[in-house]
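Structure first, commentary second.
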There are 2 protein chains.
Amino acid sequence: MKINQLSKLTNVLSKTIRYYEDVGLLPKASRNSNGYREYSSIDVDNLIFIRRCRELQIPLEKIKILIQVQTDTTSSCSEVDLLIEQQLENVRKTINELSLLEKTLHTLAKSCSNDIVGECEILKNLKQ
Amino acid sequence: MKINQLSKLTNVLSKTIRYYEDVGLLPKASRNSNGYREYSSIDVDNLIFIRRCRELQIPLEKIKILIQVQTDTTSSCSEVDLLIEQQLENVRKTINELSLLEKTLHTLAKSCSNDIVGECEILKNLKQ
DNA sequence: ATAAACCTTACTGTTGGAGTAAGGTCAAGC
DNA sequence: GCTTGACCTTACTCCAACAGTAAGGTTTAT
């Protein structure tokens with residue numbers, strides 16, 4: 001199949017598929033006589049895997065590792081466990097940081113009931 | 001004062017101060033005879049204001065607006081209110097998205113008790 | 001005199017693509 | 001046979017908000 005069909009099957013833009021090939025996340029696609037990229041169902045599976053990882057906000061470099069680990073099916077999956085665990089930790093950390101931010105912003109948003117910029121409590125608070 | 005002292009007083013890197021000047025967030029600094037940038041206590045205040053906004057993850061373009069609004073101290077501060085409210089909404093939306101992500105990752109992290117990559121439940125889950 | 005600390009501009013790299021340009025290919029309809 | 005539109009190609013720039021590095025000038029202290 002051609003790149004546009006792969007795109008539709010996987011819900012990943014053609015542009016993005018080419019980009020993944022560029023950065024080595026996907027192997028170099030084989031080309032047919034006119035130079036168009038030619039894909040198979042294996043590529044569909046690989047790309048869905050990548051898309052699922054991206055949905056979990058796993059960075060491309062870590063997805064590379066996840067792909068490579070699978071080339072040796074007898075190896076330990078502790079690396080996979082660790083990587084997912086780290087990703088979970090990252091997300092939790094970010095949530096905590098944003099929760100603090102939310103509190104601050106909420107307090108700030110409520111602080112001003114004036115109408116004139118010169119008296120604005122929000123701006124005053126931002127200057128401390 | 002010179003850029004490094006401004007940097008120390010505001011906790012903003014010299015590099016970043018120059019960058020803010022480049023993108024028009026800070027006015028062009030005056031220069032003394034040797035070409036070094038020269039700052040005053042007004043710059044300290046402005047930069048602290050910017051830093052506080054950045055701590056709230058307000059984008060530079062919106063900080064520009066907040067600065068500009070203050071040039072006319074008699075104007076309404078409804079624009080300020082709105083901007084902070086929008087920022088609060090952004091943060092809340094991101095927190096919600098990350099919370100969903102956290103659940104998925106947590107479930108995923110617990111799913112595998114194997115040791116062999118070929119049997120790894122995490123990887124299987126990522127392939128669906 | 002020289003070394004350390006500081007200043008300058010300018011260019012590149014980061015992340016994960018999106019946008020655009022400029023062109024080649026292919027199938028359908030007239 | 002010719003055009004039109006959909007699709008494909010590479011290559012380049014752009015986004016946010018800086019950080020890193022190069023290559024050089026200045027000041028201050030020893």
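Proteins come first, then strands; the chains are lettered A, B, ... in the order of their sequence lines, and each starts at number 1. Note that the coordinates shown come from a computational prediction; the quantities given were computed from them, not determined experimentally.
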Separation of dA17(D) atom C1' from I63(B) atom CD1, nearest Å, is 10 Å
Worksheet item: Are the side chain of T104(A) and the backbone N or O of L100(A) linked by a donor-acceptor pair below 3.5 Å?
Response: yes
Could you tell me whether E21(A) and R18(A) make a salt bridge, using a distance below 4.0 angstrom between a side-chain N and a carboxylate O? no
Axis-to-axis angle for the helix from dA1(C)-dT30(D) to dC30(C)-dG1(D), ends of five pairs each, to 10°, equals 30°
Within residues 10-20 of chain B, the residues having a heavy atom closer than 4.0 Å to DNA chain D are L13(B), K15(B), T16(B), Y19(B), Y20(B)
Within residues 30-43 of chain B, the residues having a heavy atom closer than 4.0 Å to DNA chain C are R31(B), G35(B), Y36(B), R37(B)
E55(B) atom CD is separated from dA17(D) atom P, nearest whole Å, by 15 Å
Between NZ of K62(A) and P of dT14(C) the distance, given in whole Å, is 17 Å
query: Does the distance from a Lys or Arg side-chain N to an Asp or Glu carboxylate O, for E89(B) and K93(B), drop under 4.0 Å?
result: no
Separation of dT14(C) atom C1' from E61(A) atom CD, nearest Å, is 12 Å
Here the distance between atom C1' of dA6(D) and atom CD of Q5(A), to the nearest Å, is 15 Å
Rounded to whole Å, the CD-C1' distance (Q87(B) to dA16(D)) equals 14 Å
Atom NZ of K2(B) and atom P of dG25(D) are separated, to the nearest Å, by 18 Å
To the nearest angstrom, the CG-P distance between L6(A) and dT9(D) comes to 11 Å
